[in-house]
A.B. asks: 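Before we start, here is the structure in question, set down as structure tokens.
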Amino acid sequence: MSVSIIIPAYNEEKYLAKTLDRIKKQRFKDYEIIVVCNGCNDNSFNVAKKYADKVFQLKDNNVSKARNFGANNANYRKLVFLDADVFVKNNVLEKIDNCLDIGTFFGTAKGKGKGIKNIFYLGFKNLVNKYRPWSHGIVYCDKKSFFEVGGFDESLKHGELRDFFGRAKGRYRRVNAYVEPNDRRIKKWGMVKAISFWLYKKDKEEYEAVR
């Protein structure tokens with residue numbers, strides 16, 4: 001039991017409160033919430049203070065450094081890295097907790113959203129991440145294995161998730177539960193550009209912030 005939920009936040013004041021509120025509404029309650037604001041110049045820190053157990057502020061806008069910092073300050077042996085604009089649904093935290101009870105696994109969850117374009121986009125990503133460890137904005141692993149492989153590579157400006165999955169210990173498992181990623185990128189870019197970027201460019205180009 002007991003999960004540390006680590007949320008890096010870069011200028012996410014518009015979305016962070018809803019993300020944290022969704023966690024609080026889960027049936028599963030055996031967790032701590034750690035928010036690491038990295039390079040923020042908005043009100044994300046104060047929003048996080050209302051919900052989280054621990055809130056930190058880093059000067060650098062470096063998501064890998066924020067995740068690693070959160071892991072270093074986690075009390076529990078089960079780590080969940082959640083993006084600041086991703087809503088947990090159903091029993092995803094419980095499923096992750098149970099998965100890490102039975103062995104050394106790392107992985108993600110399924111994605112579910114609203115709107116025809118977003119449903120198709122997430123359905124396509126679900127098909128891919130059934131077999132390959134690509135994230136919907138949530139990554140889980142056990143703390144011991146995380147530190148054994150050195151955590152996230154802070155020198156990478158993009159592709160840090162795929163790099164981590166490539167080094168992660170244990171077996172990949174996508175839990176049979178859902179998160180709801182924010183659809184702002186689909187709305188701005190459209191489905192074709194989003195899928196193309198995700199497949200071919202995400203590990204090669206800067207991940208443009210869409211606010």
Side-chain angles (χ1 to χ4, degrees), residues 1-89 91-101 105-109 135-154 156 160-161 164-165 168-169 175 177 179-182 207 209:
M1 300 292 285
S2 301
V3 173
S4 293
I5 304 169
I6 299 162
I7 303 175
Y10 169 62
N11 291 346
E12 295 284 2
E13 64 177 351
K14 292 181 181 179
Y15 309 99
L16 187 56
K18 291 182 179 179
T19 295
L20 296 171
D21 185 60
R22 290 292 185 95
I23 295 172
K24 296 286 189 180
K25 290 179 178 178
Q26 290 274 297
R27 182 179 64 185
F28 182 82
K29 300 295 184 184
D30 195 7
Y31 59 76
E32 65 173 350
I33 299 174
I34 302 171
V35 177
V36 184
C37 300
N38 59 113
C40 291
N41 53 26
D42 68 351
N43 199 41
S44 294
F45 183 86
N46 292 325
V47 171
K49 290 286 285 185
K50 297 177 182 178
Y51 295 87
D53 300 289
K54 301 175 185 176
V55 184
F56 301 97
Q57 191 150 256
L58 305 181
K59 291 182 180 180
D60 297 339
N61 175 18
N62 184 320
V63 67
S64 293
K65 184 178 289 187
R67 292 188 183 115
N68 290 344
F69 188 91
N72 275 299
N73 286 275
N75 287 330
Y76 303 130
R77 72 172 187 86
K78 301 171 184 177
L79 304 181
V80 174
F81 299 94
L82 182 70
D83 287 358
D85 63 345
V86 173
F87 300 157
V88 292
K89 298 171 74 71
N91 55 349
V92 63
L93 296 176
E94 185 176 0
K95 288 287 185 73
I96 289 172
D97 180 63
N98 291 338
C99 180
L100 292 175
D101 268 343
F105 293 95
F106 65 94
T108 185
S135 170
H136 276 300
I138 185 170
V139 173
Y140 74 85
C141 63
D142 70 277
K143 190 176 183 180
K144 182 176 182 292
S145 296
F146 179 81
F147 285 112
E148 284 180 352
V149 301
F152 292 97
D153 188 339
E154 297 178 9
L156 295 177
E160 79 285 347
L161 288 178
F164 172 74
F165 281 138
K169 289 194 171 184
V175 295
V179 296
E180 182 180 346
N182 191 279
Y207 198 51

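Computed from a predicted model, the values in this text were never measured in an experiment.
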A.B. asks: Do Asn98 side-chain atoms and Glu94 backbone N/O form a donor-acceptor pair below 3.5 Å?
C.D. replies: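 A pair under 3.5 Å: yes.
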
A.B. asks: Under the side chain to side chain contact (heavy atoms under 4.5 Å, CB included) test against Ile33, which residue among Ile6, Ile23, Leu82, Val80 passes?
C.D. replies: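 The passing option is Ile23.
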
A.B. asks: Give a yes or no answer on whether the side chain of Lys169 reaches the backbone of Ser145 with a donor-acceptor pair at less than 3.5 Å.
C.D. replies: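 Looks like no, no N/O pair under 3.5 Å.
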
A.B. asks: Show, in sequence, the C-alpha distance, side-chain angles and deciding distance for Asn11 and Asn41, and conclude whether the side-chain contact (heavy atoms from CB on, under 4.5 Å) test is met.
C.D. replies: CA-CA 6 Å; Asn11 291 346; Asn41 53 26; 3.0 Å; yes

A.B. asks: Do Tyr15 and Phe87 make the cut of ring centroids closer than 6.0 angstrom?
C.D. replies: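 No, the ring centres sit 6.0 Å or more apart.
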
A.B. asks: Between the side chains of Asn38 and Asp60, does any donor sit under 3.5 Å from an acceptor?
C.D. replies: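 No, because no side-chain N or O of Asn38 sits under 3.5 Å from a partner of the opposite role on Asp60.
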
A.B. asks: Have Glu154 and Asn68 got a donor and an acceptor in their side chains that come within less than 3.5 Å?
C.D. replies: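 Checked: Glu154/Asn68 side chains pair up, N/O donor to acceptor below 3.5 Å.
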
A.B. asks: Would you please test Val3 and Leu79 for side-chain contact (heavy atoms from CB on, under 4.5 Å) and show each step?
C.D. replies: CA-CA 6 Å; Val3 173; Leu79 304 181; over 6 Å; no

A.B. asks: So do the side chains of Phe81 and Pro8 get within less than 4.5 Å of each other, counting heavy atoms only?
C.D. replies: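 Contact flag for Phe81/Pro8 side chains = no.
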
A.B. asks: Taking the six-membered ring for Trp, are Phe105 and Tyr140 ring centroids under 6.0 Å apart?
C.D. replies: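 Phe105 vs Tyr140: aromatic centres not under 6.0 Å.
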
A.B. asks: Rounded to the nearest 0.5 Å, what's the gap from CG on Leu100 to NZ on Lys95? Could you check?
C.D. replies: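 Result: 13.5 Å between the selected atoms.
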
A.B. asks: Filter on salt bridge (Lys or Arg N to Asp or Glu O under 4.0 Å), then keep only pairs touching residues 36-49, sequence neighbours left out; what's left?
C.D. replies: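 Those involving residues 36-49 do not exist here.
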
A.B. asks: Could you check Tyr76 against Tyr31 for ring pair (Phe, Tyr, Trp, His ring centres under 6.0 Å), going step by step and ending with a plain yes or no?
C.D. replies: CA-CA 8 Å; Tyr76 303 130; Tyr31 59 76; 9.3 Å; no

A.B. asks: When you look at Val86 and Thr19, which way does the side-chain contact (heavy atoms from CB on, under 4.5 Å) test go after all the steps?
C.D. replies: CA-CA 6 Å; Val86 173; Thr19 295; 5.7 Å; no

A.B. asks: Is it true that, when you exclude Lys25 itself, more than 12 heavy atoms of the residues, nucleotides or ligands shown sit nearer than 6.0 Å to its NZ?
C.D. replies: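 Result for NZ/Lys25: open.
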
A.B. asks: For the NZ atom on Lys59, are there more than 12 heavy atoms of other groups (residues, nucleotides or ligands in this structure) within a distance under 6.0 Å?
C.D. replies: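 Incorrect, the count does not exceed 12.
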
A.B. asks: Provide the full list of ring-ring contact (aromatic ring centres under 6.0 Å, His included) pairs with a residue in residues 40-73, sequence neighbours left out, each pair given once.
C.D. replies: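 Qualifying pairs: Phe56-Phe69.
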
A.B. asks: Taking the six-membered ring for Trp, is the centroid-to-centroid distance between Phe164 and Phe106 below 6.0 Å?
C.D. replies: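 Not under 6.0 Å, so no.
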
A.B. asks: Just checking, is any N or O donor in the side chain of Glu12 or Ser44 under 3.5 Å from an acceptor N or O on the other one?
C.D. replies: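 Glu12 vs Ser44: no donor-acceptor pair found between side chains.
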
A.B. asks: For residues Ala109 and Val92, report the shortest heavy-atom separation together with the two atoms involved.
C.D. replies: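 Shortest heavy-atom contact: CB-CG2, 3.9 Å.
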
A.B. asks: Under 4.5 Å between any side-chain heavy atoms of Val55 and Val36, yes or no?
C.D. replies: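 The answer is no, as the side chains (C-beta and beyond) never meet within the 4.5 Å cut-off.
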
A.B. asks: Going by heavy atoms in the side chains, are Lys143 and Lys78 under 4.5 Å from each other?
C.D. replies: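 In short, these two side chains do not touch, never coming nearer than 4.5 Å.
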
A.B. asks: Does Leu161 reach the side chain of Val139, with side-chain heavy atoms less than 4.5 Å apart?
C.D. replies: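 Touching, per the 4.5 Å side-chain cut-off.
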
A.B. asks: With a 4.5 Å cut-off on side-chain heavy atoms, are Ile7 and Ile34 touching?
C.D. replies: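 No - every pair of side-chain heavy atoms lies 4.5 Å or more apart.
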
A.B. asks: I'd like to know if Arg77 pairs up with Asp142 as an ion pair, taking the criterion as any Lys NZ or Arg NE/NH1/NH2 lying under 4.0 Å from an Asp or Glu carboxylate oxygen.
C.D. replies: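 Result for this pair is no, no salt bridge flagged.
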
A.B. asks: Measuring from atom CG of Leu16 to atom NZ of Lys50, what distance do you get when rounded to the nearest 0.5 angstrom?
C.D. replies: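 Separation between the atoms: 10.5 Å.
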
A.B. asks: After noting the C-alpha distance and the side-chain angles of Tyr10 and Cys37, does the key distance pass the side-chain contact (heavy atoms from CB on, under 4.5 Å) rule?
C.D. replies: CA-CA 6 Å; Tyr10 169 62; Cys37 300; over 6 Å; no

A.B. asks: Using a strict threshold of under 4.0 Å (side-chain N to carboxylate O), is an ion pair present between Asp83 and Arg67?
C.D. replies: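 Judged by the 4.0 Å cut-off on N to carboxylate O distance, Arg67 and Asp83 do form a salt bridge.
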
A.B. asks: Could you grab the distance from atom CZ of Arg22 to atom CG of Leu93, nearest 0.5 Å is fine?
C.D. replies: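 Those atoms lie 13.0 Å apart.
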
A.B. asks: Is Lys18 salt-bridged to Asp85, cutoff N-O under 4.0 Å?
C.D. replies: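 Looking at Asp85 together with Lys18, the answer is no, because their closest N to O distance does not fall below 4.0 Å.
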
A.B. asks: Quick one: list whatever passes side-chain hydrogen bond (donor to acceptor under 3.5 Å, both in side chains) with Asn61, sequence neighbours left out.
C.D. replies: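 Expected list: none.
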
A.B. asks: Of all heavy-atom pairs between Val35 and Ala52, which one has the smallest distance, and what is that distance?
C.D. replies: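 In this case the closest contact between Val35 and Ala52 is CG2-CB, 3.8 Å.
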
A.B. asks: Looking at Thr108 and Ile138, would you say the former's side chain and the latter's main chain have a donor-acceptor pair under 3.5 Å?
C.D. replies: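 Checked: pair present.
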
A.B. asks: Tell me if a side-chain donor or acceptor on Glu180 pairs with a main-chain N or O of Lys89 at a distance below 3.5 Å.
C.D. replies: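 Absent.
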
A.B. asks: If you measure from CG on Leu58 to NZ on Lys65, what distance do you get to the nearest 0.5 Å?
C.D. replies: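 Going from the CG atom of Leu58 to the NZ atom of Lys65 covers 7.5 Å.
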
